[in-house]
Structures are given as structure tokens and as C-alpha cells.
Amino acid sequence: MRIATWNINGVRSRLDGALAWLKETGPDVACFQEIKCTDEAFPAEAFEGLGYNVAVHGQKGFNGVAILSKRPLDEVAVKGLPGDAADTHSRYIEAVVSRPEPGPEPRPEAHNGSRNGGVVRIANLYLPNGNPIGTDKFAYKLAWMRRLQEHVEGLLGLEEPLLIVGDFNVIPEPVDARNPQSWADDALFQPETRAAFRTLLNLGLTDAVRACHPEPGVYTFWDYQAGAWQKDHGIRIDHILMSPQAADRLKASGIDKFTRSWEKPSDHVPVWVELA
DNA sequence: ATGCCGGGCGAAGCCCGA
């Protein structure tokens, strides 16, 4: 079962590329961030034509997240990150997806929920950028991360296979940037930002890409500006974090870097995991 | 120090991003 996440930087202007990527890689679940449109303007029919069920939490002009799933979306549990009724940004959507029937695999079902064939809970997020530091935008980012921490603590109590995916806007470690010193004053790489991300991981989550790819040079974002792609000045800020019950089923993880050289690319590329 | 590039909005130039 393949689950992928992609900040597509505008779903309508990126529709042809999104459809080509879905056809080429065939994820069972695809999570988008920065769809930059309302629920009504989301091109659901195009994705339904490829066999996907669609759940959208959109917003006019910017932000916005969506989940596509070939399996039924059993429960679109949450739209909008809990913990602050005054936060109007559309940055979080959570759904439960039924896993494919297990087939001949003899694995017992004790650790993956109890419904038929088991389920995977998908939390799809677009974490605030937070720049510039020292402003209310950075305070909003840190507050958002605290709210995420509290929400994830609750989810982990369910003891389900859980994937927390999306654009975290966090460079976790120096190895996750080609030129870490150039991000020293950026919200994505502040000590407070990195500490909040570690606190999240320390709940017992596994960073799927890093678990499979310990080497340097693994990036998910290259700025449009200053020839960042051509010079490979990338950063790794799009992540898939797994609960223990999901990590038990990890088979592989990777980055679809090839989309960055397409015509009119997103500045982010897709990240995926393959689960048993 | 700022802009570089790019989408959205809306019809010029600003907001937002990372």
C-alpha cells in the first residue's frame, strides 16, 4: 500500500502534472498541500476519473489540503487542526482509510486495529512557514506545532497505524540542507522549530524517509529562485512520520525527484512510503 | 540589504511562500 504526499503549489495550475504523476506512480493514497482553492473549485472530477475518492479542506487563494484515496475514506475525521477556534487557515485534514484485504499474508491483526483488513489513519498537514522570525508569523508556527503535538498525543492513544504526512516546513537536521548555514536565520531551521519537531518525534514516531535513507543529499524542496534546482541547493521539509503500528509495516520510502524537472513544476516533490 | 521565481487574485500590483 503506497501513501504519498506532495505540496503541489496550486492544484489547478498543476493539474496536468498531478494527473501524470498519479498515473505513473499509482499511490493508494495521495495527500496534497497548498491546493490554493476552495472546496468548490477543487478539480475533484479529474481525480475521481482516476478512481480516487476525494476529501478537501480548502480556502480561497492560499493554503488548503486534500486527501485522495483509492480505498473508501471511511471517516473524514477532522478538518482544521484542533486547539484554536480562531485559526481560520486550512492546513489540516485527517481521514481513516481501509487497507487492502490482507490476502495470504499470515500476519496476526493484533497491532493494526480491528476492522476488516485493518485501517490506516492519515493526518495531512501544511505546517505554517513562520517567516520572518521574531514576528507573529513565527509565534503562530510554534503555537501550531504545540497544538499538533497535543493532537498527535491523542491519536497515538488509539494504537492504530497512523501516518502524519505533509509539508512540515521544518529542516530537522543540518544534513537535511545542502547549505545549512544559509538557513540559520530562517524559521524552518530555528532551534525552537527543530526542538518542537524532535518533541513530536519523541512521542515514538519514525521519520520514514530518514529511516530508509540515512545518506546526505536527500531533499524535497528546491526554491524557484537563484538556480536552486540546477545547483541542487535543496532542503528536506516534507515528511512522513509513522506511529509504531505503521512503522511495523514499512517496506520502503522514497522521493519522486523527477517531477522537479517537469514543465511548470511545483517547488516541492512528492514523498512516499510503501506499507505492507 | 533586496530580489531572484511563481500562484492567486483580478486586471496592476500586492500577498504569500521558503
Side-chain angles (χ1 to χ4, degrees), chain A residues 5-19 21 31-43 46 56-66 87-92 124-145 148 165-194 196-197 209 218-239 255 257 259-271:
Chain A
T5 174
W6 192 7
N7 180 327
I8 50 173
N9 189 17
V11 69
R12 289 171 295 176
S13 63
R14 214 72 65 202
L15 184 57
D16 289 347
L19 294 172
W21 168 73
C31 297
F32 292 144
Q33 303 87 39
E34 279 206 273
I35 60 173
K36 295 188 175 181
C37 66
T38 61
D39 293 9
E40 294 73 27
F42 188 83
V56 184
H57 184 44
Q59 176 175 353
K60 187 180 180 68
F62 64 112
N63 298 327
V65 287
D87 181 5
T88 57
H89 287 199
S90 296
R91 297 180 175 275
Y92 184 90
N124 175 23
L125 63 85
Y126 174 46
L127 206 147
N129 172 300
N131 278 307
I133 59 174
T135 68
D136 55 354
K137 291 192 174 186
F138 188 59
Y140 172 60
K141 177 183 192 133
L142 295 179
W144 207 95
M145 294 184 84
L148 179 64
V165 316
D167 177 359
F168 283 70
N169 272 317
V170 176
I171 303 168
E173 301 291 341
V175 70
D176 297 308
R178 174 66 178 273
N179 295 119
Q181 66 280 3
S182 70
W183 299 93
D185 296 324
D186 195 285
L188 281 60
F189 197 51
Q190 287 310 291
E192 301 97 316
T193 305
R194 295 174 58 200
F197 187 79
V209 167
V218 179
Y219 309 128
T220 66
F221 171 90
W222 296 261
D223 202 294
Y224 291 121
Q225 305 180 67
W229 168 245
Q230 289 75 13
K231 293 187 277 192
D232 196 26
H233 285 179
I235 50 177
R236 193 174 73 94
I237 57 175
D238 301 271
H239 306 298
I255 294 172
K257 190 174 176 178
T259 64
R260 189 61 179 80
S261 52
W262 284 358
E263 290 293 315
K264 288 180 67 70
S266 171
D267 40 5
H268 297 250
V269 298
V271 177

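Naming convention: chains lettered A, B, ... in sequence-line order (proteins, then strands); numbering from 1 in each chain. Note that the structure is predicted; figures quoted are calculated from it, not measured.
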If you apply the rule ring pair (Phe, Tyr, Trp, His ring centres under 6.0 Å), what do you find for His233(A) with Tyr219(A), and how did you get there? CA-CA 9 Å; His233(A) 285 179; Tyr219(A) 309 128; 9.3 Å; no
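In this structure, Asn129(A) CG and Tyr140(A) OH are separated by 11.5 Å, a value rounded to the nearest 0.5 Å.
With both ends at atom C1', the span from dG10(B) to dC16(B) equals 16 Å, rounded to whole Å. If you take atom P in dT2(B) and the same atom in dG6(B), they sit 22 Å apart, rounded to whole Å. Taking atom C1' on both dA12(B) and dA1(B), the two are 26 Å apart, rounded to the nearest angstrom.
Residue contacts shown for Asn9(A) are limited to sugar-phosphate atoms, with no base heavy atom under 4.0 Å away. Residue Phe189(A) is classed as having no contact, given no heavy-atom separation below 4.0 Å to the nucleic acid. Asn63(A) comes within 4.0 angstrom of nothing in the nucleic acid, heavy atoms only. Contact annotation for Asp185(A): no contact, since no heavy-atom pair falls under 4.0 Å across all strands. Here Arg91(A) lies in heavy-atom contact (under 4.0 Å) with sugar-phosphate atoms only. Across all strands shown, His233(A) has no heavy atoms under 4.0 Å from either base or sugar-phosphate atoms. Using a 4.0 Å heavy-atom cutoff across all strands shown, Asp238(A) reaches no nucleic acid atom at all.
Both Lys264(A) and Lys137(A) lie near DNA chain B, and the one whose nearest nucleotide falls closer to the 5' end is Lys264(A). Across the interface with DNA chain B, nearest-nucleotide mapping of Val11(A) and Asn131(A) shows Val11(A) to be the residue nearer the 5′ end.
Atom CG of Asn179(A) has more than 12 neighbouring heavy atoms from other residues, nucleotides or ligands inside a 6.0 Å radius.
Residues Ala228(A) and Trp222(A) come closest through the heavy atom pair O-CD1, 3.7 Å. Across all non-hydrogen atoms, the minimal contact from Asn169(A) to Leu188(A) is O-CG, 3.3 Å.
In summary, contact between chain A and DNA chain B, defined as any nucleotide atom under 4.0 Å from a heavy atom of the protein, begins and ends at dC4(B) to dA18(B) in the 5' to 3' direction.
Among residues two or more places apart in sequence or in another chain, the side-chain hydrogen bond (donor to acceptor under 3.5 Å, both in side chains) test is passed with Asn124(A) by Gln33(A).
Each salt bridge (charged side-chain N to carboxylate O under 4.0 Å, His left out) pair with one or both residues in residues 165-184 of chain A, not counting sequence neighbours, appears once here: Glu173(A)-Arg194(A), Asp176(A)-Arg210(A), Asp176(A)-Arg236(A), Arg178(A)-Asp232(A).
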